[in-house]
Amino acid sequence: MPRPIPKLSAILATGALAAFASAQTRLMRLDGLPNGPTVNKVPAAGLGDLDGDGIGDFAIGRAALANYDGAVFLHSGRNGALIARVDGGAGLGSSFGMAIADIGDVDRDGTADFAVGAGGHRIGAAQVGAVHVYSGRTRTRLTSLFGDGDGDLFGSVLAGVGDVNADGIPDFAIGAPENGNAAFSYGRGYVRVISGHNLATWLQTYGARTSDEYGSAIAGVGDVDGDGRDDFMVGALLEMAPSSGQGSARVYSGVSGNVLYEFFAERASDHFGVAVGSPGDVDADGIADFMVGAISMVNPTPAKVWLYSGADGTSLGAVIGEPGSGVFGLRLERAGDVDQDGHADFWVSDPMNSAIAPMLGAVHLVSGRTRTTLKTLRGPSSGSGFGFTLAGIRDLDRDGLPELGIGVPMAGLPQGGTTTRFDVISPARRVALFGAGCSTTQLPLLDATAPTLGQAMTTFVSSRAVPSPGVLLLSAVPDRPFALQHGCTLYLDLAGVSTLANFVTDGGGRWVGAFPIPPINSLVGVPFAMQSFIVATAGPQLLDATNGVYATIGN
């Protein structure tokens with residue numbers, strides 16, 4: 001095995017990567033267009049494989065663009081490149097893009113489709129709201145759905161809810177949380193469940209009273225009652241509870257719309273139900289459970305996220321925000337079993353968190369077993385609002401867990417002003433295999449063991465079964481992979497690339513290299529990127545490229 005040139009320890013010792021020690025396991029970062037007057041949201045959603053490269057993609061909404069005509073930007077999960085832009089329409093002022101949802105393959109063409117909410121859409125003088133359904137494959141509009149009346153904000157909330165009618169085609173739900181009172185923007189609210197089979201209304205549920213804000217949050221929760229059909233959950237953050245608390249959350253049968261479980265706020269002004277969902281099975285009883293956010297902005301006690309049993313609806317307790325939290329529980333997202341203890345974990349956002357700096361924002365990964373924080377991600381600067389959006393994204397690094405998209409609506413630009421920023425985070429392993437290689441013969445693969453202080457990290461290259469020269473390169477983790485020619489992608493930071501090793505694969509197309517990690521405590525938490533290039537034997541490119549490996553040093 002050729003000796004690495006130069007040694008990994010020598011590169012790390014230069015301090016070239018030390019500036020990234022505070023970074024998280026970030027797969028990519030996108031800086032978007034100026035956000036306009038709506039700076040508190042970066043609507044986003046993970047989608048299916050829109051571009052046919054075998055990797056899930058994602059969408060980011062810009063509802064405030066062009067006088068609120070709005071647009072949705074579809075991005076590659078492989079490298080963040082823009083796949084397509086879908087516009088709301090000039091002069092509509094509909095806030096197109098204020099909500100986005102992966103609704104599954106409703107047109108049965110093999111590619112998952114998506115829906116876009118436009119809560120400000122007008123029909124004549126009435127601002128009824130609309131939802132537009134698009135083909136994921138062609139980006140053509142399949143249908144448009146409209147609210148019942150003026151001020152509905154129909155389409156401001158969207159969620160895929162699985163297959164509620166058991167016809168083999170996924171369905172989705174639309175929230176209209178401010179139904180019927182445009183003057184004061186409060187109403188009873190309703191949720192409409194749409195059949196993916198014919199894009200017609202399957203059922204519609206309603207809030208109890210005017211001003212409940214029913215439909216302020218919606219989530220699919222799987223088959224709760226065991227009837228073979230998926231069910232769904234709805235929040236009503238202003239409903240007055242029997243205990244004089246404020247806010248509710250209900251779980252509904254997808255078949256009948258009957259209430260299966262209902263949960264109510266603990267205190268006045270809790271805004272219980274601002275976020276709802278299923279974290280997965282947190283109590284390890286084999287049945288997925290429920291979670292509800294209660295941001296409690298005017299109460300002196302911290303905000304909470306409540307957990308409930310999916311087996312019988314009983315309370316599993318609450319998770320409390322850290323000192324300095326602001327709206328802990330404003331957004332919730334499942335994480336999978338990140339710490340591999342048999343209990344599902346989940347993400348909680350707190351975009352007004354000021355524990356370290358004013359309005360820095362934070363996103364917490366919470367253990368489903370202990371209800372303690374496993375990891376906290378924090379914003380880039382004061383006032384950034386880190387975590388105003390959480391979006392579950394399909395597994396991009398092949399570790400079996402979903403990635404997390406985090407919206408940063410007020411990340412400052414060097415020249416001042418605001419911009420939207422979107423980070424894609426891998427929650428789990430210290431080694432992430434990201435993206436895909438390129439070759440006209442056989443895709444080469446790069447893998448590595450987790451880098452640990454005082455131990456050797458081993459790298460593995462596998463390619464076509466013929467001896468071939470190659471190179472292993474190292475850099476800081478880039479903000480965003482860089483698209484090359486011939487379908488290749490560079491998963492390295494162009495600002496500083498170093499050679500770890502020159503090598504020749506064996507007759508089976510394999511190479512193994514070992515690299516000592518120096519026992520320097522300051523290196524713990526430092527991430528870096530690696531990628532190999534191998535001399536091509538066919539095709540227009542001179543070099544075949546592997547996937548990228550993003551690794552973080554541990555102890």
CD on Glu213 to NE2 on His271, rounded to 0.5 Å: 9.0 Å
Please tell me if the side chains of Val274 and Leu330 come closer than 4.5 Å, counting only heavy atoms from C-beta onward. yes
Whether over 12 other heavy atoms sit under 6.0 Å from Asn67 CG: no
Looking at the rings of His132 and Phe96, which for Trp means the six-membered one, are their centres under 6.0 Å apart? yes
Could you walk me through whether His121 and Phe146 pass side-chain contact (heavy atoms from CB on, under 4.5 Å), step by step? CA-CA 8 Å; His121 184 93; Phe146 303 99; 3.5 Å; yes
Heavy atoms only: give me the nearest Val131-Leu158 pair and the separation to one decimal. CG2-CD2, 3.7 Å
Show the numbers, then the answer: is there a side-chain contact (heavy atoms from CB on, under 4.5 Å) between Tyr252 and Val193? CA-CA 11 Å; Tyr252 292 87; Val193 179; over 6 Å; no
To the nearest 0.5 Å, what is the distance between CG (Asp53) and OG (Ser76)? 5.0 Å
Distance in Å, Ser195 OG paired with Asp167 CG, rounded so as to fall on 0.5 Å steps: 5.0 Å
Mind checking whether Tyr190 and Tyr206 have parallel, tilted or perpendicular rings, split at 30° and 60°? tilted
Contact summary for Tyr261 and Val259, nearest pair of heavy atoms: O-CG1, 3.4 Å
Are the side chains of Val157 and Ser216 in touch, meaning some heavy atoms are under 4.5 Å apart? no
Can you tell which of Leu377, Leu390, Ile393 makes a side-chain contact (heavy atoms from CB on, under 4.5 Å) with Ile425? Leu377
Taking it one step at a time, do Arg192 and Asp148 satisfy salt bridge (charged side-chain N to carboxylate O under 4.0 Å, His left out)? CA-CA 10 Å; Arg192 190 182 299 172; Asp148 291 344; 2.7 Å; yes
Exercise: identify the closest heavy-atom pair between Asp230 and Gly162: OD2-CA, 3.4 Å
Interatomic distance, Tyr134 atom OH to Ile100 atom CD1 [nearest 0.5 angstrom]: 11.0 Å
Is the closest side-chain heavy-atom distance between Phe232 and Val224 below 4.5 Å? no
Taking Asp102 first and then Arg394, would you say they form a salt bridge - that is, a charged N and a carboxylate O separated by under 4.0 Å? yes
Heavy-atom closest contact (Val276 atom, Ala219 atom, distance): O-CB, 3.6 Å
How close do Ala294 and Ala303 get, counting heavy atoms only, and between which atoms? O-CB, 3.4 Å
Is any side-chain heavy atom of Val363 closer than 4.5 Å to one of Leu404? yes
Work out which heavy atom in Ala288 is nearest to a heavy atom in Ser278; give both atom names and the distance. CB-OG, 3.7 Å
Are Val338 and Leu401 side-chain neighbours, meaning at least one heavy-atom pair lies under 4.5 Å? yes
In a check of side-chain contact (heavy atoms from CB on, under 4.5 Å) between Phe172 and each of Ile218, Leu199, Val164, which one passes? Leu199
Ile174 and Phe154, any side-chain heavy atoms less than 4.5 Å apart: yes
Just jot down the side chain to side chain contact (heavy atoms under 4.5 Å, CB included) partners of Asp283, sequence neighbours excluded, or say none. Asp281, Asp285, Asp289, Ser309, Leu316
Might you work through the side-chain contact (heavy atoms from CB on, under 4.5 Å) test for His75 and Phe422, ending with a clear yes or no? CA-CA 11 Å; His75 290 272; Phe422 191 73; over 6 Å; no
Report yes if some heavy atom in the side chain of Asp212 is under 4.5 Å from a heavy atom in the side chain of Arg188; otherwise report no. no
Nearest 0.5 Å, what's the NE2-CG distance between His364 and Asn353? 5.0 Å
To the nearest 0.5 Å, tell me how far Arg137 CZ sits from Asp51 CG. 11.5 Å
Ring geometry between Phe263 and Tyr308 (parallel below 30°, tilted from 30 to 60°, perpendicular above 60°): parallel
Checking side-chain contact (heavy atoms from CB on, under 4.5 Å) for the pair Thr201/Ile194: CA distance, chi angles, key distance, verdict? CA-CA 5 Å; Thr201 300; Ile194 304 297; 4.0 Å; yes
Min side-chain heavy-atom separation Trp347-Ile406 under 4.5 Å: no
